[in-house]
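Since the model is a prediction, treat every value here as computed from it, not as a measurement. FYI, the numbering just counts along the sequence from 1. We count ligands from 1, going down the list as the structure has it; atoms in each ligand are counted the same way.
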Amino acid sequence: MKSTTKLFALTTAVLVSTASFASAQTLDRVKQRGTLSCGVNVGLAGFSAPDDKGNWTGFDVDYCRAIAAAVLGDATKVRFVPTTAKERFTALQSGEIDVLNRNTTWTLARDSSLGLSFVGTNYYDGQGLMVKTGLKVKSAKELDGATVCVQTGTTTELNLADYFRVNKLAYKPVVFEKADEILQAYQAGRCDVYTTDASGLYAQRLQMQKPDEHIVLPEIISKEPLGPSVRQGDSQWFTIVRWVHFALLNAEEAGITKGNVDKMLESTNPDVRRILGKEGEFGKGIGLANDWAFQIIKQVGNYGEIFDATVGAGSRINIARGQNNLWTKGGLQYAPPIR
Ligand SMILES: N[C@@H](CCC(=O)N[C@@H](CS)C(=O)NCC(=O)O)C(=O)O
């Protein structure tokens with residue numbers, strides 16, 4: 001073989017292997033491995049945080065477990081991969097993780113050029129601003145000339161710039177790579193304002209020395225639809241992760257809970273029977289066992305149960321369901337039917 005031909009063959013091989021990796025069947029790889037590799041936050045109370053024994057809890061963590069329950073029949077078969085805001089997309093692109101569940105905002109650039117596909121919005125959020133009560137500031141409009149602590153690699157950084165520019169307010173950003181560093185800096189008085197997703201602010205306030213001395217201002221300055229994302233190019237995997245989210249919502253809507261799911265197997269309600277795999281062959285279409293949704297609910301719970309236990313009324317963070325309520329209760333959470 002001439003050396004140019006050799007070079008051509010080599011290049012083609014590399015191209016082919018990259019392409020086949022991108023479209024490789026993630027489902028098969030997860031099944032072969034026997035564990036789901038799930039990208040989560042390094043530590044954000046309510047969403048994803050390890051305790052001192054290395055047990056992970058949180059809203060995003062439960063989404064990882066729900067996917068493992070659906071795909072592997074076992075919610076414990078998850079390897080949690082902590083990622084910072086900056087690292088998270090590379091972890092998915094490189095194949096290190098199968099899915100990213102890390103308080104990540106769905107934007108056009110991420111959903112296209114960055115090589116990700118968002119499966120839906122599992123938490124409707126918006127960006128907030130926190131200040132010390134001692135500053136006596138009541139509105140974001142009073143923040144002209146403020147120093148603002150913000151995390152790099154986030155939508156937060158971009159919205160902050162927009163908001164202050166549009167409202168003709170001057171500000172000085174102090175940029176950090178990790179939320180912990182911001183927490184320290186903000187408490188030490190290195191900045192007047194801490195800005196991030198409102199959910200993040202409530203979670204971080206609990207970690208502060210004196211939570212009562214900080215308020216979240218009334219303005220919500222952006223839309224932050226948070227949700228799971230997968231690599232582009234594997235539509236089967238995309239559909240699976242998307243329907244795990246929909247199954248969690250449909251289960252709540254149908255009143256199926258972790259506690260009653262066994263009893264619900266005897267239900268005559270056709271909707272309940274389809275969700276639990278007692279009627280129809282809906283698992284087959286997405287490459288899973290017919291009891292895929294039963295396993296999610298039995299082992300992890302429904303959407304409302306996850307929300308309550310991790311970030312809602314049953315948790316220390318105590319965030320109201322608000323927009324994250326089901327559409328039947330005035331919220332935005334709406335899932336297409338399993339049928
Ligand atoms: N939703 C926004 C912000 C996500 C984000 O990274 N938020 C910060 C502040 S709450 C965080 O989770 N930091 C944890 C860390 O990296 O230590 C995005 O997708 O860019």
Side-chain angles (χ1 to χ4, degrees), residues 38-50 56-61 63-64 80-93 97 99-131 148-163 173-187 191 193-208 211 214 216-217 220-230 310-311 315-317 319 323-324:
C38 202
V40 291
N41 200 303
V42 286
L44 182 63
F47 284 87
S48 132
W56 289 83
T57 52
F59 182 83
D60 286 339
V61 162
Y63 262 74
C64 298
F80 293 101
V81 180
T83 59
T84 66
K86 223 172 119 186
E87 297 159 354
R88 57 187 155 170
F89 305 121
T90 327
L92 193 56
Q93 289 154 350
I97 56 174
V99 56
L100 180 68
N101 277 310
R102 188 206 173 280
N103 55 307
T104 294
T105 306
W106 183 356
T107 68
L108 173 57
R110 291 172 178 179
D111 212 19
S112 54
S113 348
L114 259 187
L116 277 63
S117 288
F118 283 82
V119 309
T121 302
N122 64 1
Y123 189 106
Y124 289 93
D125 208 344
Q127 186 171 331
L129 302 138
M130 183 188 275
V131 293
V148 186
C149 275
V150 63
Q151 190 165 340
T152 191
T154 59
T155 46
T156 320
E157 225 181 339
L158 313 173
N159 299 323
L160 174 68
D162 285 357
Y163 184 82
V174 187
V175 182
F176 294 90
E177 230 175 80
K178 296 198 172 107
D180 279 357
E181 298 165 347
I182 301 186
L183 206 60
Q184 305 281 328
Y186 168 74
Q187 289 185 100
C191 41
V193 184
Y194 178 4
T195 185
T196 184
D197 300 343
S199 63
L201 288 178
Y202 293 120
Q204 292 288 68
R205 186 161 61 179
L206 289 179
Q207 315 294 319
M208 292 185 186
H214 307 272
V216 178
L217 296 175
I220 293 292
I221 68 168
S222 71
K223 288 189 287 190
E224 304 295 324
L226 311 179
S229 56
V230 294
T310 57
V311 293
S315 76
R316 281 176 65 222
I317 309 180
I319 300 175
Q323 292 179 318
N324 290 301

Polar atom proximity, [X] to ligand 1 (N or O, under 3.5 Å):
{"X": "Thr104", "value": "no"}
{"X": "Ala179", "value": "yes"}
{"X": "Thr156", "value": "no"}
{"X": "Arg110", "value": "yes"}
{"X": "Glu177", "value": "no"}
{"X": "Arg102", "value": "yes"}
{"X": "Asp197", "value": "yes"}
{"X": "Asp180", "value": "no"}

### Message
Nearest non-hydrogen contact with atom 2 (C) of ligand 1 belongs to which option: Val42, Thr154, Thr155, Asp60?
### Response
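Going through Val42, Thr154, Thr155, Asp60 one by one, Thr155 has the nearest heavy atom to atom 2 (C) of ligand 1.
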
#### Entry: Residue selection (non-hydrogen contact nearest atom 16 (O) of ligand 1) among Gln151, Lys178, Glu157, Glu87
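Heavy atom nearest to atom 16 (O) of ligand 1 belongs to Gln151.
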
### Message
Are Tyr186 and His214, when compared by the centres of their aromatic rings, separated by less than 6.0 Å?
### Response
yes

Part of [X] with heavy atoms under 4.0 Å of ligand 1, whether side chain, backbone, both or neither:
{"X": "Thr196", "result": "side chain"}
{"X": "Leu201", "result": "neither"}
{"X": "Asp125", "result": "neither"}

### Query
Does Gln204 have a non-hydrogen atom less than 4.0 Å from ligand 1?
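Checking ligand 1 against Gln204, which is what was asked, there is no heavy-atom contact under 4.0 Å.
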
### Query
Among protein heavy atoms, which lies nearest atom 4 (C) of ligand 1, and at what distance?
Asn103 O, 3.3 Å

### Task
Starting from atom 12 (O) of ligand 1, locate the nearest protein heavy atom and write down its residue, its atom name and how far away it is, to 0.1 Å.
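Here the nearest protein heavy atom works out to Asn41 ND2, 2.7 Å.
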
### Sidechain-backbone polar pair: Asn324 side chain, Tyr124 backbone, donor-acceptor under 3.5 Å
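Yes, because the side chain of Asn324 sits within donor-acceptor range (under 3.5 Å) of the backbone of Tyr124.
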
